[in-house]
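Structure first, commentary second.
Keep in mind that this is a model prediction, so the values were computed, not measured. These values consider heavy atoms only, across backbone and side chains, with no hydrogens, waters or symmetry-generated copies. Reminder, nothing fancy here: chain letters follow the sequence lines and each chain counts from 1.
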Amino acid sequence: MTFFPFCQKMLYKAKGLLLWPMDFSQTIIQWYNGNKRDLPWRNTTDPYVIWLSEIILQQTRVDQGMPYFYRFAEKYPTVSHFAAASEDEVLSLWQGLGYYSRGRNMLKTARLVQQQYKGVFPHKYSDLISLKGIGEYTAAAISSFAANEAQAVVDGNVNRVLARYFGIDEPINSNKGKKQFQQIANDLLDRQYPGMHNQAIMEFGALQCKPKNPACNICPLRETCFAYSNNLVKSLPVKLKKNSIKNRYFNYFLIADGENVLLNKRGDTDIWANMYDLPLIETPTQVTPAQLFPSGQTTTLFQTALALLKAYPVKKHILTHQHIYISFYQVSVSRDELKLQPTWFFTTPDDLKALALPKPILMFLAAFIGQ
DNA sequence: AACGCGGGGCG
DNA sequence: CGCCCAGCGTT
């Protein structure tokens, strides 16, 4: 999707460098003063306490992290207390919050601060950035909140606000996008009150410019918001989708009665909807014939005793969002033992020609019938 | 640049 | 079910 990137760039230059930076920051800060939540880590400039909150809040909503913040702040009132903890104890406190490497890295950092910094938690960006578990965002957050260092934070909230307000369609998780959003955030930063500015824009993203159903109707920035003016609020920010290719393992059974082959009519929800394949067992992982036929050469899959005649090598079939590993097993079963499933039926090679088969099934059957 | 790492809330 | 959340470390 493209939204005239050249024009946007001009627009950003016009807004960001000439016209709007003061208005933007002042409007956001004004909104912040009227709408901010009372959060415990905002009532301190202790970099240690802010660090606690920031690590806990990485990829974690405030509501979810809050009880953990209290738990840690009470158990470890200073970084020295934290440094004296055991990993088991920290992980136990962390239990249920997810992303457990955060807890382990916290302990490493606490111990390093205890040793290298004599228990005085650093507040300079350049010191913070080298600590385990502290990246660009967290270093900017701690240094600006604790010491008003002019470092602009860029998190999910900031990305969303900037993408919408300036109409930036560069993906927020591409390399180019990351640089671009960081650059804009830097340009926009209120150099007099960087800490409050950072808090304000994030709070604005969290409460006002929300991912779903943002409150544009009462937004103080909507008159100059690119996304609002151009009906693009729902499509910004742009994010590169993760390659969510799933592996699936299909085990097909070729059951022949003379020339006739037992087919299966597929349902209408999965891939190859309403087409025809063979009796199938899908497994969560690749299985060997030995696993599929646990008692030597026979198995009772489908509540029917099947005897393995031949196992074919696995074929990989690639779809846009799925990689399917297909195993074919030629089996024998006496017809009176066969318990037909509702979707199963025997077909002749002639009738087969009139049916829609997925490519890999068609190829397999053609080779089988042709032999 | 891509991926793994978690648990929970929301539409 | 897919997306998103005060991201970071590793490859």
task = Write out all pairs satisfying salt bridge (Lys or Arg N to Asp or Glu O under 4.0 Å) with one or both partners inside residues 192-210 of chain A, taking only residues at least two apart or from two chains.
result =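 Those involving residues 192-210 of chain A are A:Arg37-A:Glu203, A:Arg42-A:Glu203.
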message = Treating primed atoms plus P, OP1 and OP2 as sugar-phosphate and everything else as base, which nucleotides of nucleotides 4-10 of chain C get B, S or - for protein heavy atoms under 4.0 Å?
response = SBBBSSS
inquiry  = Nearest heavy atom decides the nucleotide; on that basis, is A:Gly98 or A:Lys178 closer to the 5' end of DNA chain B?
reply    =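 Whichever sits nearer the 5' end wins; that is A:Lys178.
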task = Please report the shortest heavy-atom distance between A:Asn186 and A:Arg191, naming the atom on each side.
result =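 Nearest pair, atom of A:Asn186 first, then A:Arg191: O-NH2, 2.7 Å.
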request  = Measure from CG on A:Leu97 to P on B:dG9 and round the result to the nearest Å.
outcome  =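 Distance check: A:Leu97 CG to B:dG9 P gives 12 Å.
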task = Can you tell me, in whole Å, how much space there is between the P of C:dT11 and that of B:dG6?
result =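 It comes out at 16 Å once rounded to the nearest Å.
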message = Work out how far the C1' atom of B:dC3 is from that of C:dA6, and round it to whole angstrom.
response =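 After rounding to an integer number of Å, I get 22 Å for this pair.
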Does a sphere of radius 6.0 Å around [atom1] in [X] hold more than 12 heavy atoms from other residues, nucleotides or ligands, not counting ones at 6.0 Å or beyond?
X	atom1	value
A:Lys315	NZ	no
A:Phe345	CZ	yes
A:Asn231	CG	no

key: A:Tyr249: hydrophobic cluster co-members (side-chain, 4.5 Å)   =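 When side chains under 4.5 Å apart are linked, the cluster holding A:Tyr249 also contains A:Val314, A:Tyr325.
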